Chemist: 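Before anything else, here's the structure in question.
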There are 2 protein chains.
Amino acid sequence: MLRLTKKADYGLMALKYLAEQAVLAEQAGADLNLSGARSAKDIAEAYHIPPQLLAKILQTLARANLLISHAGTNGGYALARPAADISTFEVIRAIDGPLFITSCITIHGACDLAGHCTIKEPLRKVNDSITTLLSGISVADLIEPADHLPAAMAGGLVNIER
Amino acid sequence: MLRLTKKADYGLMALKYLAEQAVLAEQAGADLNLSGARSAKDIAEAYHIPPQLLAKILQTLARANLLISHAGTNGGYALARPAADISTFEVIRAIDGPLFITSCITIHGACDLAGHCTIKEPLRKVNDSITTLLSGISVADLIEPADHLPAAMAGGLVNIER
DNA sequence: CAATCTACGACCATTTTGGTCTTGCTTCCA
DNA sequence: TGGAAGCAAGACCAAAATGGTCGTAGATTG
Ligand code: SF4
Ligand code: SF4
């Protein structure tokens, strides 16, 4: 249950890696435009994950406008936005699709028991809570765990009532 | 991603159903011992879900001490504890097994990149947060959405730092 | 133009999930 | 006392999701 797919896992790792590279490039005063661009192969090697698979993941990430790709020699991928502006939720959704907890929520009306299902609404709340939680965590937070996370969202998180 | 299996879904529905039955039985001043016991078939029919499958789910739930089973004519299942004392987390874990977000967390050390994975710890925090969230929601909360949910846990929920 | 990248889609193996069937055991009660 | 009604357990199977590969085509640079 509640398993994060390996693809999403890989994606997050790559994002984090790129975020680190961006920081390094900035420190070195490098060209801001392509700061920290790395090829799929480089990242794959750094983490020992199947290069071809990672490539595909990065492509979907690029399609979702989370990454900027640049083909050709010395090309590669770079973050489309500052790491702090990319939430883990976006990443996961981009990779694994918009599917969420129950079948009914996303594949709107797919579950044939939707009519006499009494558990649907409460579960949607749980779902929302998790979404909120994930949305509150940026890629930047992954690289250096932050304790300044939005306390504001706490209320919405545990609130199941309408 | 983060998909709740249908089995868990069914399980929750059944639990909720039994919780309602328990309330009804109590109101009618019925025998407290087997209050609201229902057969697997009854529940399955009420929600139009495959009876055999539901039966198996209820069995695992009974094995996990969440339900009490009683064989024989007029037998069936009843909640082992008051609905307010059964958390959705327990239910889900009983049915879908202890698997959680990343492979590394539960199948301790299964992921072969565990060594050079830098994302593991932060994800564990996220995982814990979801666990806490789920643990805070009881079956009783499903039947009648409560707004008196523990605000105390909010802090722990969003805290990713160590 | 050649090397180095990304882009995209088809394809396949493995695992997980959802669901069925069969067989056996327990309890009640007529 | 013997069914009927119920649970218990396991083998088994079909469909879907996941993880991963391959091949080909197009962009970019030097
Ligand atoms: S059973 Fe209810 S909660 Fe589950 S998918 Fe169907 S409608 Fe949604
Ligand atoms: S990649 Fe990292 S987070 Fe994902 S399973 Fe492996 S060790 Fe855990």
Side-chain angles (χ1 to χ4, degrees), chain A residues 1-11 13-14 18 33-34 37-45 48-64 67-78 80 92 95-100 102-103 106-107 110-113, chain B residues 1-11 13-14 18 33-34 37-45 47-64 67-78 80 92 95-99 102-103 106-107 110-113:
Chain A
M1 64 138 304
L2 289 182
R3 192 165 64 267
L4 203 59
T5 64
K6 243 172 191 177
K7 290 186 189 179
D9 205 352
Y10 292 160
M13 290 167 70
L18 287 173
N33 204 12
L34 283 182
R38 290 298 167 124
S39 79
K41 209 187 79 182
D42 284 352
I43 307 179
E45 276 172 5
H48 301 91
I49 58 187
Q52 312 230 48
L53 181 54
L54 209 233
K56 228 170 42 172
I57 295 173
L58 292 178
Q59 282 165 30
T60 60
L61 247 22
R63 232 173 297 146
L67 289 182
I68 292 176
S69 67
H70 199 75
T73 320
N74 283 328
Y77 296 91
I92 295 173
I95 296 177
D96 284 348
L99 33 147
F100 250 89
T102 48
S103 331
T106 37
I107 319 174
C111 182
D112 40 341
L113 355 129
Chain B
M1 65 137 305
L2 289 181
R3 194 167 64 269
L4 203 62
T5 64
K6 242 174 191 175
K7 289 185 190 179
D9 204 352
Y10 292 161
M13 290 168 68
L18 287 173
N33 204 13
L34 284 182
R38 288 298 166 127
S39 79
K41 210 188 77 183
D42 285 352
I43 307 179
E45 277 173 5
Y47 290 115
H48 302 90
I49 58 187
Q52 311 232 46
L53 182 54
L54 210 234
K56 227 170 43 172
I57 296 172
L58 292 178
Q59 281 165 31
T60 59
L61 248 21
R63 234 173 297 147
L67 289 181
I68 292 176
S69 67
H70 199 76
T73 319
N74 284 328
Y77 295 91
I92 295 172
I95 296 177
D96 284 348
L99 29 148
T102 49
S103 331
T106 37
I107 320 175
C111 182
D112 40 341
L113 353 130

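Order of the sequence lines fixes the chain letters, A, B, ..., with proteins taken first and strands second; residue numbering starts at 1 for each chain. Predicted model only: the values in this text are computed from it and were never measured. Hydrogens, waters and symmetry mates are skipped; everything else that's a heavy atom, side chains included, is used.
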Chemist: Rounded to the nearest angstrom, tell me the gap between atom NZ in Lys41(B) and atom P in dA4(D).
Modeler: 14 Å

Chemist: So, taking the atom named NZ in Lys6(A) and the one named CG in Leu53(A), what distance separates them when rounded to the nearest 0.5 Å?
Modeler: 10.0 Å

Chemist: Would you give the length of the straight line joining atom NZ of Lys7(B) to atom CD1 of Ile57(B), rounded to the nearest 0.5 angstrom?
Modeler: 7.0 Å

Chemist: Which atom pair, heavy atoms only, marks the closest approach of Ala55(B) to Tyr77(B)?
Modeler: O-OH, 4.1 Å

Chemist: Has Ser69(A) got a side-chain N or O lying under 4.0 Å from the OP1 or OP2 atom of dA7(C)?
Modeler: yes

Chemist: What's the separation between atom CG in Leu4(A) and atom CG in Asp96(A), rounded to the nearest 0.5 Å?
Modeler: 6.5 Å

Chemist: Let me know the distance between CD of Gln59(A) and C1' of dA25(D), rounded to the nearest Å.
Modeler: 12 Å

Chemist: If I take atom CG in residue Asp96(A) and atom C1' in nucleotide dA17(D), what distance separates them, rounded to the nearest angstrom?
Modeler: 11 Å

Chemist: What is the separation between atom CD1 on Ile57(B) and atom P on dT17(C), rounded to the nearest whole Å?
Modeler: 13 Å

Chemist: Please state how far atom CG in Leu54(B) lies from atom C1' in dG6(D), giving the value in whole angstrom units.
Modeler: 14 Å

Chemist: If I take atom CD1 in residue Ile95(A) and atom C1' in nucleotide dT18(D), what distance separates them, rounded to the nearest angstrom?
Modeler: 13 Å

Chemist: When you check every protein heavy atom under 4.0 Å of nucleotides 25-30 of chain C, what one-letter string (B, S, -) results, 5' to 3'?
Modeler: -BBB--

Chemist: Please report the shortest heavy-atom distance between Arg38(A) and Ile43(A), naming the atom on each side.
Modeler: CB-CG1, 4.2 Å

Chemist: Within the 4.0 Å heavy-atom criterion, would you say Ala40(A) contacts the bases, only the backbone, or no part of the nucleic acid?
Modeler: sugar-phosphate

Chemist: Verify the contact: side-chain N or O of Arg3(B) to OP1 or OP2 of dT17(C), cut-off strictly under 4.0 Å; return yes or no.
Modeler: no

Chemist: Mind checking the CG-CG spacing from Leu58(B) to Leu18(B)? Nearest 0.5 Å is all I need.
Modeler: 7.0 Å

Chemist: Could you report the tightest heavy-atom contact between Pro51(A) and Ala44(A), atom names first, then the distance?
Modeler: CA-CB, 3.6 Å

Chemist: Set out, line by line, the N/O atom pairs under 3.5 Å between protein and nucleotides 19-23 of chain C.
Modeler:
unit_1: dG19(C); atom_1: OP2; unit_2: Tyr10(B); atom_2: OH; d: 3.3
unit_1: dG19(C); atom_1: O6; unit_2: Lys56(B); atom_2: NZ; d: 3.3
unit_1: dT20(C); atom_1: O4; unit_2: Lys56(B); atom_2: NZ; d: 3.2

Chemist: Got a second to check how far Tyr47(B)'s OH is from Asp9(B)'s CG, nearest 0.5 Å?
Modeler: 11.0 Å

Chemist: What is the distance, to the nearest angstrom, from the CG atom on Leu58(B) to the C1' atom on dA5(D)?
Modeler: 16 Å

Chemist: Can you check the Asp9(B) CG to dT17(C) P distance for me, whole Å?
Modeler: 14 Å

Chemist: Going from NZ on Lys41(A) to CG on Leu54(A), what distance comes out if it is rounded to the nearest 0.5 angstrom?
Modeler: 13.0 Å

